[in-house]
Enquirer: 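This is the structure, below, for whatever I ask next.
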Protein chains: 2
Amino acid sequence: MRLSTKGRYGVKAMVDLALHSGGEQPVPLKDIADRQEISEHYLEQLIAGLRKAGLVKSVRGAQGGYLLAQAPDAIVVGDIIRTLEGTIAPADCVAEGAPVNCERADNCVTRILWEKIHDSINSVVNSITLQDMVNEYKRLNGQESM
Amino acid sequence: MRLSTKGRYGVKAMVDLALHSGGEQPVPLKDIADRQEISEHYLEQLIAGLRKAGLVKSVRGAQGGYLLAQAPDAIVVGDIIRTLEGTIAPADCVAEGAPVNCERADNCVTRILWEKIHDSINSVVNSITLQDMVNEYKRLNGQESM
DNA sequence: GAAAATCCCAAGTGATTTAGTCGGATTTGG
DNA sequence: CCAAATCCGACTAAATCACTTGGGATTTTC
């Protein structure tokens, strides 16, 4: 049940973006990678996914970088994790877009269990916004910069 | 965030055991494997882990098989999943026996997120017993056998 | 208009995990 | 003794993970 680095780095990167794109200036990937200690090239792949999903915008060329595509309180961590990890489901039969190919789905006791786990995870990640993470960060670290 | 087949098959097998070891007669692995459509040899590996963890007992020789080591209402599905999958944690830094090797653990915002996810999953799997699963099964499937 | 900064894209790779298979040894009831 | 069963350890094909490599395209600064 571990998240891969995709989801973990993705959340870190997005929180970093929320903290550092004050106003409208794009944040270069290198800065995020350096601060979060993530391989720049690898992070590039991850953020490409986030861009395609409409969670970040990019500005090309020198002085370019990335920006959140929406306000921090409009992005929940579930959006990030689902984009990078695929659906957040303990078993395929309870994945969001999954065809119910399990013929005994209606009377499967384990399915009910997977649904409960699925729902509990999703209720957490869908209720926490990037703004919440930023607030938490500021509470923990005072006024200092990240 | 998917569970592997280890955890999924393990829970299925344990529910099967709870349903079929009425009284004290051991259930042969082959029966469980057939009913649950799991490779017998593979299930053998999984149940070996459950035996070492003290969740099932075995009876060797002809007419042998497996039994729950405790009453169905004393075994929670979290026990099974943790035994077979290792700790149920979205990130290593919030795993139960993990040394906190992350030096910024105290002021890490993502860690707080992983903890919330971890806690929510564990509160589900630690609150559902095998007896609950059996009751659910009987409710869904009437008095028929599995 | 050249150089630098930056994003964009696709393919390759070593290590690990997954989901088993295979072959046999041991124990026990009939 | 033999068939039914657990026990045990090694092997493996395929997938996934966590990157790396190697370019190209676009924009800004000088």
Side-chain angles (χ1 to χ4, degrees), chain A residues 1-13 17 20-21 24-34 36-69 81 84-87 90-92, chain B residues 1-13 17 20-21 24-69 81 84-87 89-92:
Chain A
M1 290 293 285
R2 268 178 72 236
L3 237 43
S4 72
T5 54
K6 289 180 195 166
R8 299 205 310 277
Y9 290 176
V11 171
K12 276 174 193 273
L17 256 186
H20 293 95
S21 71
E24 279 297 310
Q25 55 199 340
V27 182
L29 193 67
K30 185 172 192 321
D31 293 4
I32 304 175
D34 285 350
Q36 304 303 323
E37 296 174 30
I38 300 171
S39 147
E40 192 180 337
H41 268 295
Y42 186 43
L43 185 55
E44 197 181 322
Q45 292 176 31
L46 306 186
I47 212 160
L50 296 171
R51 186 175 53 82
K52 280 167 194 153
L55 295 174
V56 302
K57 291 180 298 187
S58 63
V59 178
R60 299 188 72 168
Q63 262 56 46
Y66 293 94
L67 295 160
L68 293 182
I81 296 175
L84 295 172
E85 301 263 343
T87 179
D92 291 340
Chain B
M1 291 294 284
R2 268 178 70 238
L3 238 42
S4 73
T5 55
K6 288 180 195 165
R8 299 206 309 276
Y9 291 177
V11 171
K12 276 174 193 272
L17 256 186
H20 292 94
S21 71
E24 279 297 310
Q25 55 198 340
V27 181
L29 193 68
K30 185 174 192 320
D31 294 4
I32 304 174
D34 285 351
R35 276 189 298 260
Q36 304 302 323
E37 296 175 30
I38 301 170
S39 148
E40 191 180 339
H41 268 294
Y42 186 43
L43 185 54
E44 195 181 321
Q45 291 177 31
L46 306 186
I47 212 159
L50 296 172
R51 186 174 53 82
K52 281 167 193 153
L55 294 174
V56 301
K57 291 180 298 188
S58 63
V59 178
R60 298 189 71 169
Q63 263 57 44
Y66 294 92
L67 295 160
L68 294 182
I81 296 175
L84 294 172
E85 301 263 343
T87 180
D92 290 341

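These numbers were taken from a predicted model, which means no experiment stands behind them. Chain letters run A, B, ... following the sequence lines, proteins first, then strands; residues in each count from 1.
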Enquirer: Considering only heavy atoms, which members of residues 41-55 of chain B lie under 4.0 Å from some atom of DNA chain C?
Expert: His41(B), Tyr42(B), Gln45(B)
Enquirer: Within this structure, what is the CG-to-P distance between Leu3(B) and dT17(C), rounded to whole angstrom?
Expert: 16 Å
Enquirer: Look at all strands and tell whether Lys6(B) reaches a base, only sugar-phosphate, or nothing, counting heavy atoms closer than 4.0 Å.
Expert: sugar-phosphate
Enquirer: Quick one: Ile38(B) CD1 to dT21(C) P, roughly how many Å, whole number?
Expert: 12 Å
Enquirer: Which value, rounded to the nearest 0.5 Å, describes the distance between Arg8(B) atom CZ and Gln36(B) atom CD?
Expert: 13.0 Å
Enquirer: Find the distance Met1(B):CE to dC17(D):C1' and express it as a whole number of Å.
Expert: 16 Å
Enquirer: Taking OP1 and OP2 of dA19(C), is either one under 4.0 Å from a side-chain nitrogen or oxygen of Tyr9(B)?
Expert: no
Enquirer: Any side-chain N or O of Ser39(A) less than 4.0 Å from the OP1 or OP2 oxygen of dT20(D)?
Expert: yes
Enquirer: With a 4.0 Å cutoff (strictly under), does any side-chain N or O of Thr5(B) reach OP1 or OP2 of dT18(C)?
Expert: no
Enquirer: Looking at Val27(B), Leu29(B), Asp31(B), which one forms a side-chain contact (heavy atoms from CB on, under 4.5 Å) with Tyr66(B)?
Expert: Leu29(B)
Enquirer: Need to verify one output field. Residue with the more 5' nearest nucleotide on DNA chain D, Pro28(B) or Gln63(A)?
Expert: Pro28(B)
Enquirer: Nearest 0.5 angstrom please: Asp92(B) CG to Arg2(A) CZ, how far?
Expert: 4.0 Å
Enquirer: Rounded to whole angstroms, how far apart are CD on Gln25(B) and P on dG29(C)?
Expert: 15 Å
Enquirer: Calculate the interatomic distance between Asp92(B) atom CG and dA18(D) atom P; express it in whole Å.
Expert: 10 Å
Enquirer: May I ask you to evaluate whether Ser58(A) reaches the phosphate of dC8(C), defined as a side-chain N or O under 4.0 Å from OP1 or OP2?
Expert: yes
Enquirer: Would you say the side chain of Tyr42(A) lies within less than 4.5 Å of the side chain of Lys6(A), judging by non-hydrogen atoms?
Expert: yes
Enquirer: Does a side-chain N or O of Ser4(A) approach OP1 or OP2 of dA18(D) to a distance below 4.0 Å, or not?
Expert: yes
Enquirer: Which distance, rounded to the nearest 0.5 Å, do you find between the CG of Leu43(A) and the NE2 of His41(A)?
Expert: 11.5 Å
Enquirer: Show the numbers, then the answer: is there a side-chain contact (heavy atoms from CB on, under 4.5 Å) between Ile81(A) and Val11(A)?
Expert: CA-CA 7 Å; Ile81(A) 296 175; Val11(A) 171; 3.9 Å; yes
Enquirer: Measure from CG on Asp31(A) to P on dC7(C) and round the result to the nearest Å.
Expert: 9 Å
Enquirer: If you only use heavy atoms from C-beta on, which nucleotide in dC7(C), dA4(D), dT26(C) is closest to the side chain of Arg60(B)?
Expert: dT26(C)
Enquirer: Can you tell me the distance, in whole Å, between the NZ atom of Lys57(B) and the P atom of dA5(D)?
Expert: 19 Å
Enquirer: Rounded to whole angstroms, how far apart are CG on Leu29(B) and P on dT28(C)?
Expert: 18 Å
Enquirer: Nearest heavy-atom pair of Gly7(B) and Glu85(B): which atoms, and what distance?
Expert: N-OE2, 2.8 Å
